[in-house]
Chemist: 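Please find one structure pasted underneath; my questions will follow.
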Amino acid sequence: MPSGEYVRYVALGDSQTEGLGDGDDTVGLRGFADRLAEHLSAVNAGLQYANLAVRGRTAGQVRTEQLRPALALRPDLATVVAGVNDLLRPRFNAAEVAGHLEEMFAALTDAGTHVVTLTFPDAGMITPLARPIRSRVFDLNTCIRAAAARHGVAVAETARHAVTTDPRLWTADRLHASPLGHERIAAALAQAIHLPGSDDAWTLPLPPQRVPAGWQAARAELRWATAYLGPWLGRRLRGQSSGDDRTAKRPQLLPVSAPPDSAADTGRRESS
């Protein structure tokens with residue numbers, strides 16, 4: 001849609017699409033999908049927006065749980081962003097993960113939806129302890145690009161710009177984007193679909209900051225492992241997910257200015 005006047009935008013994904021790191025469950029989550037919806041509504045005030053994302057979901061779970069509801073909403077634009085939760089699991093196969101993404105690309109584009117996705121930044125540049133999974137990120141990005149090309153899916157190449165590994169674009173857990181990070185992701189997606197008013201300003205570096213001394217960096221890694229990595233591994237060993245008992249953030253198409261009802265916004269299922 002060259003004019004950028006999309007009418008129905010639906011977001012599929014995991015915690016990044018849900019908006020973790022940009023607000024909280026008390027005041028509400030914003031995130032890149034909400035921010036992109038705001039950019040879209042500036043072009044077309046009649047835009048309606050739904051967000052089916054649920055934190056903790058793998059690419060396969062996103063496909064199984066969110067694709068059919070997304071198609072039922074008949075979007076003319078969809079973002080599909082998933083795979084980070086797969087990267088962190090012991091058994092990882094880039095082709096398999098990208099296969100789930102490609103099934104979503106195919107189904108949505110076959111239905112006439114313009115789809116946009118993104119590549120993932122180098123995790124090893126965000127936290128040194130993630131260096132062992134760098135090759136996984138590179139392999140997944142290669143597969144995403146190939147799958148997107150086969151289906152005419154636009155790709156925001158966040159992997160190819162150094163600013164996306166700047167710590168200021170990430171929260172303390174280093175897994176979720178900060179408000180500034182979500183803002184940059186939304187801008188990257190807007191540029192990828194050639195939205196009027198978008199540009200490459202999101203690729204510009206932030207002002208220089210002081211680099212911590214070696215011992216300070218080591219202490220920061222230890223604090224991160226204790227506060228975030230340990231609990232995450234504990235949940236995996238117990239077969240738990242941060243998304244257990246949660247539902248879609250914004251399951252119905254609504255005007256961007258209209259917040260979802262309280263049950264949908266918290267994403268928690270009411271007890272019976």
Side-chain angles (χ1 to χ4, degrees), residues 1-14 16-18 31-41 43-44 46-54 57-86 93-120 139-160 185-196 198 248-254 256:
M1 192 171 295
S3 68
E5 293 184 358
Y6 296 100
V7 177
R8 296 179 297 276
Y9 163 43
V10 176
L12 298 83
D14 52 29
Q16 293 286 21
T17 302
E18 188 182 346
F32 76 78
D34 284 22
R35 292 172 179 271
L36 177 60
E38 292 163 9
H39 289 309
L40 292 162
S41 67
V43 176
N44 177 18
L47 176 82
Q48 292 194 315
Y49 160 54
N51 189 322
L52 307 181
V54 179
R57 296 304 193 254
T58 63
Q61 290 172 323
V62 172
R63 176 186 58 80
T64 300
E65 299 171 10
Q66 299 174 28
L67 178 58
R68 184 172 294 180
L71 291 168
L73 296 172
R74 299 183 297 110
D76 48 26
L77 176 69
T79 50
V80 177
V81 178
V84 169
N85 290 311
D86 299 271
N93 184 298
E96 180 181 340
V97 174
H100 293 302
L101 297 174
E102 183 160 8
E103 286 191 43
M104 291 186 275
F105 296 165
L108 288 161
T109 55
D110 286 349
T113 304
H114 187 184
V115 179
V116 59
T117 189
L118 53 74
T119 52
F120 299 108
D139 289 345
L140 181 57
N141 284 341
T142 298
C143 292
I144 288 173
R145 293 182 185 109
R150 285 190 287 270
H151 299 281
V153 170
V155 180
E157 283 286 3
T158 59
R160 290 178 171 163
I185 295 169
L189 293 165
Q191 186 193 21
I193 61 172
H194 307 291
L195 192 69
S198 63
K249 166 181 173 176
R250 188 184 178 101
Q252 301 300 324
L253 287 165
L254 296 169
V256 174

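Note that the structure is a prediction, hence the values are computed from the model and not measured. Starting from 1, each residue takes its place in the sequence as its number.
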Chemist: Evaluate T117 against L101 for side chain to side chain contact (heavy atoms under 4.5 Å, CB included), listing each step before the verdict.
Modeler: CA-CA 9 Å; T117 189; L101 297 174; 5.7 Å; no
Chemist: Do L12 and M104 touch side chain to side chain, with heavy atoms closer than 4.5 Å?
Modeler: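 L12 vs M104: side chains touch.
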Chemist: Quick check: closest heavy atoms across A188 and T158, and the distance to 0.1 Å?
Modeler: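 Answer, listing the atom of A188 first, then T158: CB-CG2, 4.0 Å.
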Chemist: Drop me the distance from T79's OG1 to N51's CG, to the nearest 0.5 angstrom.
Modeler: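 If I round to the nearest 0.5 Å, the distance is 7.5 Å.
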Chemist: Can you find a heavy atom in the side chain of V97 that is under 4.5 Å from one in the side chain of I144?
Modeler: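 No, too far: nothing below the 4.5 Å cut-off.
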Chemist: Within this structure, what is the CG-CG distance for the pair L52 and L67, rounded to the nearest 0.5 Å?
Modeler: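 Interatomic distance, L52 CG to L67 CG, rounded to 0.5 Å: 10.0 Å.
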Chemist: Does any non-hydrogen side-chain atom of Y6 lie less than 4.5 Å from one of N44?
Modeler: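 They are not in side-chain contact.
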Chemist: What closest approach, in Å, do V116 and A192 show between heavy atoms, and which atom pair accounts for it?
Modeler: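 Reported closest heavy-atom pair: CG2-CB, 4.0 Å.
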Chemist: Name all residues meeting the ring-ring contact (aromatic ring centres under 6.0 Å, His included) criterion together with Y9; count only those two or more places apart in sequence or in a different chain, and write none if there are none.
Modeler: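 ring-ring contact (aromatic ring centres under 6.0 Å, His included) list for Y9, sorted by chain: Y49.
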Chemist: Who passes salt bridge (Lys or Arg N to Asp or Glu O under 4.0 Å) against R8, sequence neighbours left out?
Modeler: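 Result, salt bridge (Lys or Arg N to Asp or Glu O under 4.0 Å) vs R8: none returned.
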Chemist: Would you sort out whether L195 and H39 count as a side chain to side chain contact (heavy atoms under 4.5 Å, CB included), showing the intermediate values?
Modeler: CA-CA 8 Å; L195 192 69; H39 289 309; 3.7 Å; yes
Chemist: Between S198 and A190, which heavy-atom pair has the shortest distance, and what is it?
Modeler: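 Smallest interatomic distance, heavy atoms only, reads OG-O, 3.5 Å.
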Chemist: Which atom names give the shortest non-hydrogen contact between T109 and F105, and what distance separates them?
Modeler: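 Looking at all heavy atoms of both residues, the closest pair is OG1-O, 2.7 Å.
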Chemist: Output the distance between atom CD (E96) and atom CG (L140), rounded to the nearest 0.5 Å.
Modeler: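 With rounding to 0.5 Å, CD (E96) is 11.5 Å from CG (L140).
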Chemist: Only one of V155, L108, L77 forms a side-chain contact (heavy atoms from CB on, under 4.5 Å) with V115, so which one is it?
Modeler: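 The side-chain contact (heavy atoms from CB on, under 4.5 Å) with V115 is passed solely by L108 among V155, L108, L77.
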Chemist: Side-chain contact test, heavy atoms from C-beta onward, threshold under 4.5 Å: evaluate it for H114 versus I193 and give yes or no.
Modeler: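 H114 reaches I193 side chain to side chain.
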Chemist: For Q252, I'd like to know if atom CD has over 12 heavy atoms of other residues, nucleotides or ligands within 6.0 Å.
Modeler: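 Open: at most 12 neighbouring heavy atoms sit under 6.0 Å from CD of Q252.
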Chemist: With sequence neighbours left out, write down each residue that passes salt bridge (Lys or Arg N to Asp or Glu O under 4.0 Å) with D14, or none if nothing qualifies.
Modeler: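 So D14 forms no salt bridge (Lys or Arg N to Asp or Glu O under 4.0 Å) with any residue.
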Chemist: side-chain contact (heavy atoms from CB on, under 4.5 Å) with Q48: which of V7, V10, L253?
Modeler: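 Among V7, V10, L253, the one that satisfies the side-chain contact (heavy atoms from CB on, under 4.5 Å) with Q48 is L253.
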Chemist: Would a 4.5 Å heavy-atom cut-off, applied to side chains only, mark T119 and R145 as touching?
Modeler: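 The answer is yes; the side chains approach within 4.5 Å.
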Chemist: Which pair of non-hydrogen atoms, one from T113 and one from P75, has the smallest distance, and what is that distance?
Modeler: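 Closest approach of T113 to P75, heavy atoms only: OG1-O, 2.8 Å.
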Chemist: Look up atom CZ in R68 and atom CG in L73, then write down how far apart they are to the nearest 0.5 Å.
Modeler: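 Those atoms lie 13.5 Å apart.
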Chemist: Would you call T17 and Q66 a side-chain contact if the rule is heavy atoms closer than 4.5 Å?
Modeler: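 Sidechains of Q66 and T17: no contact.
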Chemist: Tell me whether D86 contacts the main-chain N or O of A59 through its side chain, where contact means a donor paired with an acceptor under 3.5 Å.
Modeler: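 Answer holds: yes.
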Chemist: Do you know which two heavy atoms are closest between E18 and K249, and how far apart they sit?
Modeler: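 For E18 versus K249, the nearest heavy atoms are O-NZ, 2.8 Å.
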